[in-house]
Amino acid sequence: MRQIVLDTETTGLTPRTGDRVIEIGCVEMHNRMLTGNNFHRYINPERDSEEGALAVHGLTTEFLSDKPKFAEIVEELRAYIAGAEVIIHNAPFDLGFLNAEFKRLNLPTFSEHIGNVIDTLVQAKEMHPGKRNSLDALCDRYGVSNSHRKLHGALLDAELLADVYLSMTRGQNSLSMEEEVEVSADGEALDNVPLAEVIVLPASAEELAEHEANLAGLDKAVKGACIWRALTTPPAG
């Protein structure tokens, strides 16, 4: 299974008023293993960030002025996310912005390019009702270090969310034991060899007598039946 953990930074809170995506960070996982094949781009939004948003991400208009516009990175992004299951914290926010960016370019929406979406905020609320479920709160809860996180950054937050998601869902791994085929050094399958018969060696009379003597000594020490007798003697009934 190919999964993409995704986060964005934006100029403000809503694309309906013209706010734009300014950073995309994606972390790839195959079968719950980080691959290192990440996607990270800063984007020139062609507008200033709102004061509140700037305080969160610190990406100034000057810094973004020489970065590519969304239209210049969209094909690379489309190829990267195609068909993947995407994991997002508070998915409606990021999907709303990305869908708006795709529509602006007369492309099928971002959501149409991907497979399933997992919203870790929804998961966290179900698992921890009534508790704080921000990314920072989940990092604290699951022991994911975020001490290096001074400002929000899309790639950094995606990396943290990947660790949080793996911790949150660790108990969902299949516990079934699937048949494994052993191979030799040259890659050929080896024949299954049946297990040898289990041999049981009962205790001798001398060993049983010595065991009973030890129990008697324990009974005397506790002035009653020792715990060993309590565990091995079936209840009356």
Side-chain angles (χ1 to χ4, degrees), residues 1-17 19-35 38-40 49-59 77 80-81 83-103 109-176:
M1 178 189 298
R2 182 172 185 257
Q3 295 175 304
I4 300 296
V5 186
L6 179 146
D7 187 62
T8 64
E9 297 298 336
T10 63
T11 61
L13 295 177
T14 173
R16 290 192 299 272
T17 59
D19 284 317
R20 303 288 301 275
V21 174
I22 59 175
E23 184 184 8
I24 301 174
C26 301
V27 174
E28 183 186 63
M29 296 192 296
H30 268 290
N31 297 324
R32 295 177 58 84
M33 299 291 293
L34 299 172
T35 68
N38 300 338
F39 181 93
H40 180 225
S49 289
E50 296 177 2
E51 185 176 347
L54 183 60
V56 170
H57 54 64
L59 300 175
L77 177 61
Y80 181 83
I81 53 92
E85 181 174 70
V86 179
I87 301 167
I88 309 174
H89 198 67
N90 191 18
F93 179 88
D94 300 85
L95 292 179
F97 271 93
L98 290 168
N99 285 337
E101 294 286 356
F102 276 60
K103 287 180 180 178
T109 65
F110 178 90
S111 297
E112 293 176 79
H113 286 76
I114 62 177
N116 187 41
V117 175
I118 294 176
D119 190 334
T120 50
L121 180 58
V122 173
Q123 280 190 330
K125 287 180 176 179
E126 292 174 350
M127 295 171 66
H128 311 289
K131 295 185 178 180
R132 292 177 58 250
N133 290 300
S134 66
L135 181 56
D136 283 334
L138 292 175
C139 285
D140 290 341
R141 189 169 300 143
Y142 288 101
V144 175
S145 175
N146 62 347
S147 57
H148 53 304
R149 185 181 188 241
K150 306 305 179 185
L151 292 170
H152 286 247
L155 182 60
L156 173 58
D157 285 2
E159 289 171 340
L160 292 173
L161 183 58
D163 288 340
V164 165
Y165 172 76
L166 291 173
S167 297
M168 287 175 63
T169 59
R170 188 164 290 132
Q172 296 177 14
N173 290 346
S174 173
L175 298 180
S176 63

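Partners of Asp94 by side chain to side chain donor-acceptor pair (under 3.5 Å), not counting sequence neighbours, listed by chain and number: Thr8. Every residue two or more places apart in sequence or in another chain was checked for a side chain to side chain donor-acceptor pair (under 3.5 Å) with Glu51, and none qualifies. For Asp19, the salt bridge (charged side-chain N to carboxylate O under 4.0 Å, His left out) test picks out Arg47, with sequence neighbours left out. Met1 is linked by a side chain to side chain contact (heavy atoms under 4.5 Å, CB included) to Gln3, Asn31, Glu85, counting only residues two or more places apart in sequence or in another chain. Remark: Arg2 engages Glu28 in a salt bridge (charged side-chain N to carboxylate O under 4.0 Å, His left out) (not counting sequence neighbours). Checked against salt bridge (charged side-chain N to carboxylate O under 4.0 Å, His left out), Glu101 has the following partners two or more places apart in sequence or in another chain: Arg20, Arg104.
Considering only heavy atoms from C-beta on, Val164 stays 4.5 Å or farther from Arg141 through its side chain. At a threshold of 4.5 Å between non-hydrogen side-chain atoms, the residues Ser49 and His57 count as touching. Proximity of Glu112 to Phe102: side-chain heavy atoms (C-beta onward) are nowhere separated by under 4.5 Å. Inter-residue side-chain proximity for Thr120 and Leu135 is flagged as unmet; no heavy-atom pair is nearer than 4.5 Å. For the pair Leu161/Asp157, no side-chain contact is recorded, criterion being any heavy-atom separation below 4.5 Å from C-beta on. Annotation: side chain of Leu6 is in contact with side chain of Phe110 (closest heavy-atom distance under 4.5 Å). Side chains of Ile24 and Phe97 form no contact here, defined as non-hydrogen atoms less than 4.5 Å apart. Counting heavy atoms from C-beta on, the side chains of Ile4 and Phe39 never come closer than 4.5 Å.
Of the inter-residue distances, the one linking Leu160 atom CG with Asn146 atom CG reads 6.0 Å to the nearest 0.5 angstrom. The distance from the OG1 atom of Thr10 to the CG atom of Leu98 is 10.0 Å, given to the nearest 0.5 Å. Taken to the nearest 0.5 Å, the CD1 atom of Ile87 stands 7.5 Å off from the OG1 atom of Thr169. Within the model, atoms CD of Gln123 and NE2 of His128 stand 9.5 Å from one another, a figure rounded to the nearest 0.5 Å.
Shown here for Leu155 and Cys26, the closest heavy-atom pair between the two residues is CD1-O, 3.9 Å. Closest approach of Ser111 and Leu95 over heavy atoms only: OG-CD2, 4.1 Å. Of all the heavy atoms in Asp7 and Gly153, the pair that sits closest is OD2-O, 4.1 Å. Residues Asp119 and Pro92 approach most closely at OD2-CD, 3.4 Å, considering heavy atoms. When every heavy atom of Ala154 is checked against every heavy atom of Gly25, the shortest pair comes out as CB-N, 3.4 Å. Smallest separation of non-hydrogen atoms from Gly12 and Phe93: O-CZ, 4.0 Å.
Judged by distance alone, the side chain of His89 and the main-chain N or O of Asn133 form a donor-acceptor pair under 3.5 Å.
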Stepwise side-chain contact (heavy atoms from CB on, under 4.5 Å) check, Ile118 with Tyr165:
CA-CA 10 Å; Ile118 294 176; Tyr165 172 76; 3.6 Å; yes
Pair Leu121-Ile88, side-chain contact (heavy atoms from CB on, under 4.5 Å): steps then yes or no:
CA-CA 8 Å; Leu121 180 58; Ile88 309 174; over 6 Å; no
side-chain contact (heavy atoms from CB on, under 4.5 Å) assessment of Glu50 paired with Thr11:
CA-CA 6 Å; Glu50 296 177 2; Thr11 61; 5.9 Å; no
